[in-house]
Peer 1: 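Got a structure for you, questions after.
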Amino acid sequence: MPFCEVAKHQTSLDDAVDAASSSSSNNKCIKIFYKTYGHGPTKVLLIIGLAGTHDSWGPQIKGLTGTERSNDDDDDDRMRAVDPNSSDSGGCGYGGNGIQVCAFDNRGMGRSSVPTKKSEYTTKIMAKDAIALMDHLGWRKAHIFGHSMGESVILSFPFLLLALLNATEINCSQQLVLSLVYVTVETGAMIACKLAAMVPDRVLSLALLNVTGGGFECLPKLDSRTISVAIRFLKAKTPEQRAAVDLDTHYTKEYLDEHVGSSTRRAILYQEYVKGISSTGMQSSYGFDGQVNACWTHKMTRTEIELIRSAGFLVSVIHGRHDIIAQIYYARRLAKKLQPVARLVDLHGGHLVSHERTEEVNQALCELISASEKKMSPHVWTNFPKESSRKYPHSVRVSAGC
């Protein structure tokens with residue numbers, strides 16, 4: 001199976017790493033599991049978020065490369081021989097010479113190593129894992145796409161709810177502080193943002209899906225819906241009960257109620273979720289607590305934001321306007337800070353907008369790659385008004401199909 005041994009590729013970045021990540025015991029045994037898809041000179045690195053694995057990017061992998069089959073599969077009967085220098089443009093169809101995608105499991109999840117100390121999980125350390133993977137693959141530059149993954153965010157809500165319910169038994173402020181640190185989801189986009197600031201010369205473009213700025217910006221909007229979700233999760237003891245809660249966290253009600261043939265989309269996804277939860281189980285406590293720590297301690301400084309703004313690559317901030325976990329207000333604010341290089345793509349969808357609005361998200365990613373290849377001017381790319389950064393950007397409407 002394909003693994004990247006992190007320690008072999010990080011000697012050149014010791015000056016940019018946290019003290020914890022440069023210790024001899026930290027990265028010595030860290031291995032990152034990855035898979036590559038498609039072929040071509042255009043490289044795309046996909047970074048998933050909290051509790052997600054590489055296959056969470058399935059709809060985007062197929063959209064960008066035209067295949068869901070990994071290059072690492074060794075089934076000769078089904079393997080399709082492809083010339084690495086082929087002019088096949090894959091699924092994106094933006095007129096390039098083919099796309100190769102790499103998706104991987106972050107430390108603490110899936111088949112990658114699971115450090116036991118929370119200090120071994122920060123967005124800077126995890127960004128260095130991604131950079132080491134690029135070195136391992138021999139990729140000098142790549143398009144960097146980071147996505148929040150909310151599959152385990154539901155684990156966070158009960159801590160906050162219990163804090164409210166137990167306020168009479170435990171000091172309220174202390175209990176709230178203890179509980180709030182568990183409410184966080186946007187790891188993948190945070191790691192991508194940190195990577196872009198650390199090695200801007202290696203980034204061709206940057207896409208941030210369902211992103212916030214870390215810390216308290218990770219807190220979901222507290223209303224009747226999120227409280228209801230929290231209560232239901234507290235009662236969920238089986239994969240079936242858990243799947244039902246997750247669906248309402250990830251998607252809009254409108255999407256779930258749509259009919260696909262004789263069944264609703266909710267019924268179809270429910271079966272898929274039950275199967276997935278039953279087969280993979282829950283993320284380990286070490287991995288979950290560590291990735292939560294990475295989200296909670298994440299911060300982009302003014303200097304880092306300026307490094308991204310001035311690096312010369314384009315940025316796309318993609319968000320579902322009905323996301324109950326990562327509030328779109330913070331995504332819009334980050335996009336404004338990144339002017340004039342950022343475009344905000346505001347789609348009708350929930351937290352997993354990449355699954356709910358697959359065609360639109362894939363189209364937005366294709367347009368980002370195409371604009372970068374054509375060296376489009378940032379002032380042409382952005383959809384924010386030039387006169388005042390206080391105004392909202394014009395809406396981006398994405399046509400169906402690449």
Peer 1: Return yes if a side-chain donor-acceptor contact under 3.5 Å exists between T42 and Q100, otherwise no.
Peer 2: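 Q100 and T42 do not have a side-chain donor-acceptor pair below 3.5 Å.
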
Peer 1: Is a salt bridge present between E258 and R266, judged by a nitrogen-to-oxygen distance below 4.0 Å?
Peer 2: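 No salt bridge links E258 with R266.
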
Peer 1: Check side chain to side chain donor-acceptor pair (under 3.5 Å) between Y121 and all other residues, then give those that pass, not counting sequence neighbours.
Peer 2: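 Side chain to side chain donor-acceptor pair (under 3.5 Å) list for Y121, sorted by chain: empty.
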
Peer 1: Among V44, L45, I47, find the one that has a side-chain contact (heavy atoms from CB on, under 4.5 Å) with C102.
Peer 2: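 By the side-chain contact (heavy atoms from CB on, under 4.5 Å) criterion, C102 pairs with just one of V44, L45, I47: L45.
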
Peer 1: With a 3.5 Å cut-off and no angle check, do the side chains of N106 and Q291 form a donor-acceptor pair?
Peer 2: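 Q291 and N106 do not have a side-chain donor-acceptor pair below 3.5 Å.
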
Peer 1: Is there a donor-acceptor pair under 3.5 Å between the side chain of W57 and the backbone N or O of H147?
Peer 2: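 Not a single qualifying donor-acceptor pair exists.
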
Peer 1: Only one of I144, I308, T123 passes side-chain contact (heavy atoms from CB on, under 4.5 Å) with C193; say which it is.
Peer 2: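 The passing option is I308.
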
Peer 1: For H322 and T252, does a side-chain donor sit closer than 3.5 Å to a side-chain acceptor?
Peer 2: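 No, because no side-chain N or O of H322 sits under 3.5 Å from a partner of the opposite role on T252.
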
Peer 1: With ring pair (Phe, Tyr, Trp, His ring centres under 6.0 Å) as the test, would you mind laying out the steps for Y251 and H351 before giving the verdict?
Peer 2: CA-CA 6 Å; Y251 306 101; H351 185 62; 9.9 Å; no

Peer 1: Would you mind checking if D248 and K253 are paired as a salt bridge, meaning a charged N to carboxylate O distance below 4.0 Å?
Peer 2: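 No, K253 and D248 are not salt-bridged.
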
Peer 1: Given side chains that start at C-beta, do those of K128 and I125 come closer than 4.5 Å, heavy atoms only?
Peer 2: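 Not touching, per the 4.5 Å side-chain cut-off.
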
Peer 1: Main chain of H54, side chain of D105: is a donor-acceptor contact present, judged purely on distance under 3.5 Å?
Peer 2: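 Yes, because the side chain of D105 sits within donor-acceptor range (under 3.5 Å) of the backbone of H54.
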
Peer 1: So do I369 and L64 actually touch side chain to side chain, heavy atoms under 4.5 Å?
Peer 2: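 Contact flag for L64/I369 side chains = yes.
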
Peer 1: Could you tell me whether the side chain of R69 and the main chain of G38 form a donor-acceptor pair under 3.5 Å?
Peer 2: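 Answer holds: no.
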
Peer 1: Tell me every residue that passes ring-ring contact (aromatic ring centres under 6.0 Å, His included) with F3, counting only those two or more places apart in sequence or in another chain.
Peer 2: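 Expected list: F33.
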
Peer 1: Would you name the heavy atoms of Y255 and R357 that are closest together and state the gap between them?
Peer 2: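 Of all heavy-atom pairs spanning Y255 and R357, the closest is CD1-NH1, 3.8 Å.
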
Peer 1: Answer yes if the side chains of E367 and Q363 hold a donor-acceptor pair under 3.5 Å, and no otherwise.
Peer 2: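 Yes, a side-chain donor-acceptor pair sits under 3.5 Å.
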
Peer 1: Return the set of residues passing side chain to side chain donor-acceptor pair (under 3.5 Å) with E254 (not counting sequence neighbours), or none when no residue passes.
Peer 2: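 Testing E254 for side chain to side chain donor-acceptor pair (under 3.5 Å), a comparison that skips the adjacent residues, returns H348.
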
Peer 1: With a 4.5 Å limit on heavy-atom distance, are the side chains of I30 and P115 in contact?
Peer 2: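 With C-beta onward as the side chain, the pair touches.
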
Peer 1: Is it true that the NZ or CZ of R242 lies under 6.0 Å from the centre of Y273's six-membered ring and within 45 degrees of the ring axis?
Peer 2: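 No, a cation-pi geometry is absent between R242 and Y273.
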
